[in-house]
Amino acid sequence: MKDIILTGDRPTGRLHLGHYVGSLKNRVLMQNEGEFDQMYIMIADSQALTDNFDNPKKIRDNLIEVILDYLSVGIDPAKTNIFVQSQVKELAELSFYFLNLVTLSRLERNPTVKNEIKQRGFENSIPAGFLVYPVSQAADILLFDANIVPVGEDQEPMLEQAREIARSFNNIYGQTFVEPKAVLPEGKVARRMPGIDGSAKMSKSLNNAIYLADDKKTLKKKVMSMYTDPNHVNIEDPGQVEGNIVFTYLDVFAKDDQFERYLPEFKNLEDLKDHYSNGGVGDVKVKKFLIKVLEEELAPIRERRANYEKNIDQVFTILEEGTRKAQEVGRAKIEEVKKAMGIDYFDDDNLKKLIQEKYN
Ligand code: TRP
């Protein structure tokens, strides 16, 4: 079987370290390992509209920000096809057929959607388009025959729904779709990068994110304001490492050789943690180290972004060409779908013959 990878993001804002650790880094790795037949990254603007329908400008503005983020972390358009969801009409078409295969009560049970309905205050008036977005997401995946979908944990219910729809379609109309599976990030922190304020999740709406596009000054300011151990007041005080966000970030990013270069009085992260726990290491010292560590990760990303910003026409072309390729794939698959469903009336000579025989 061919391996086809597809994943996507809603363009509602710039991407941050949470996206980077939880997904983008892994996408670049997969891309460069090259063990697949096709890899797609979809900018899910139609899905973003399901809860931002009254603010299309936000989506429109962020389209280019998100592709700039992709390119700056190392997504290579020669290896990965980046496209825009709304411009592939077959996705809407397929969603409409898929809607027949799910019940309202099934949609209402989706735990991620349930949560989002609460967060958005939609309880008393759920936009229908929002409730059914998992069906459209199933179309995103199945139209491209993707079998591997790298996503965050919260997307597992969407994959479950997609598998159910694929199965149900295949049972009714004949084998047409593969059942996709999610590939979740490894490691606890990768699954949920905490915000700089110490809350469980880094997110734009909580205003606690470090963005990939943040400049050095902003990065410094954000790290210096990070949540540590509120009881670690004086340098001599023993500090708490557990739940200390600065250490959580170091766990993810710090490499041994960076101690040698930036903090030679400690051998490695374990050594630093020991000393911090015993007292005698100040937060500022640890934070300054974290700034250097993050800067090593983010400076090349920022640089690549600046280059692409200077060649913004090229970026636009990448998006346009990727979308054209996706449209072709979508057109071919929807033909297969309509044929399976027996609604390919004008491409089906057999049907014409039957009608002629009946009435001539
Ligand atoms: N729901 C995903 C998110 O919010 C975005 C998305 C849309 C997606 N369509 C997809 C992810 C298809 C994977 C596959 O992150």
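Both ligands and their constituent atoms are indexed starting at 1 by order of listing. This chain uses plain numbering: 1 for the first residue, then up along the sequence.
- Here the protein heavy atom with the shortest distance to atom 9 (N) of ligand 1 is Asp140 OD2, 2.8 Å.
- Checked against a 3.5 angstrom limit, the closest N/O atoms of Gln155 and ligand 1 fall inside it.
- When the heavy-atom distances from atom 7 (C) of ligand 1 to Gln47, Glu116, His19 are ranked, the shortest goes to Gln47.
- Aromatic ring centres of Tyr97 and Tyr173: separated by at least 6.0 Å.
- Under a 4.0 Å criterion applied to the non-hydrogen atoms of Leu6, ligand 1 contributes the atoms 12 (C), 14 (C).
- Gln137 and Gln155 share a side-chain donor-acceptor pair at under 3.5 Å.
- Between Thr7 and ligand 1, not a single N/O pair is under 3.5 Å apart.
- For Phe266 and Phe259, the distance between ring centers is not under 6.0 angstrom.
- With a 4.0 Å cut-off on non-hydrogen atoms, Met42 touches ligand 1 through its side chain and not its backbone.
- No donor-acceptor pair closer than 3.5 Å links the side chain of Gln161 to the backbone N or O of Ala138.
- Counting the atoms of ligand 1 from 1 in the order shown, those under 4.0 Å from a heavy atom of Val151 are 11 (C), 13 (C).
- Under 4.0 angstrom from ligand 1, there are no non-hydrogen atoms of Met158.
- When all heavy atoms of Gln31 and Ile75 are compared, the pair lying nearest together is OE1-CA, 3.4 Å.
- The N/O atoms of Tyr133, backbone and side chain alike, include none that comes under 3.5 Å of an N/O atom in ligand 1.
- Within ligand 1, counting atoms from 1 as listed, the ones closer than 4.0 Å to a heavy atom of Val149 are 13 (C), 14 (C).
- Residues Ile165 and Val135 have side chains in contact (heavy-atom distance under 4.5 Å, counting atoms from C-beta outward).
- For ligand 1, the atoms closer than 4.0 angstrom to any heavy atom of Ala44 are 7 (C).
- With respect to Pro11, the side-chain contact (heavy atoms from CB on, under 4.5 Å) criterion is satisfied by exactly one of Ile67, Ile43, Ile64, Val84: Ile43.
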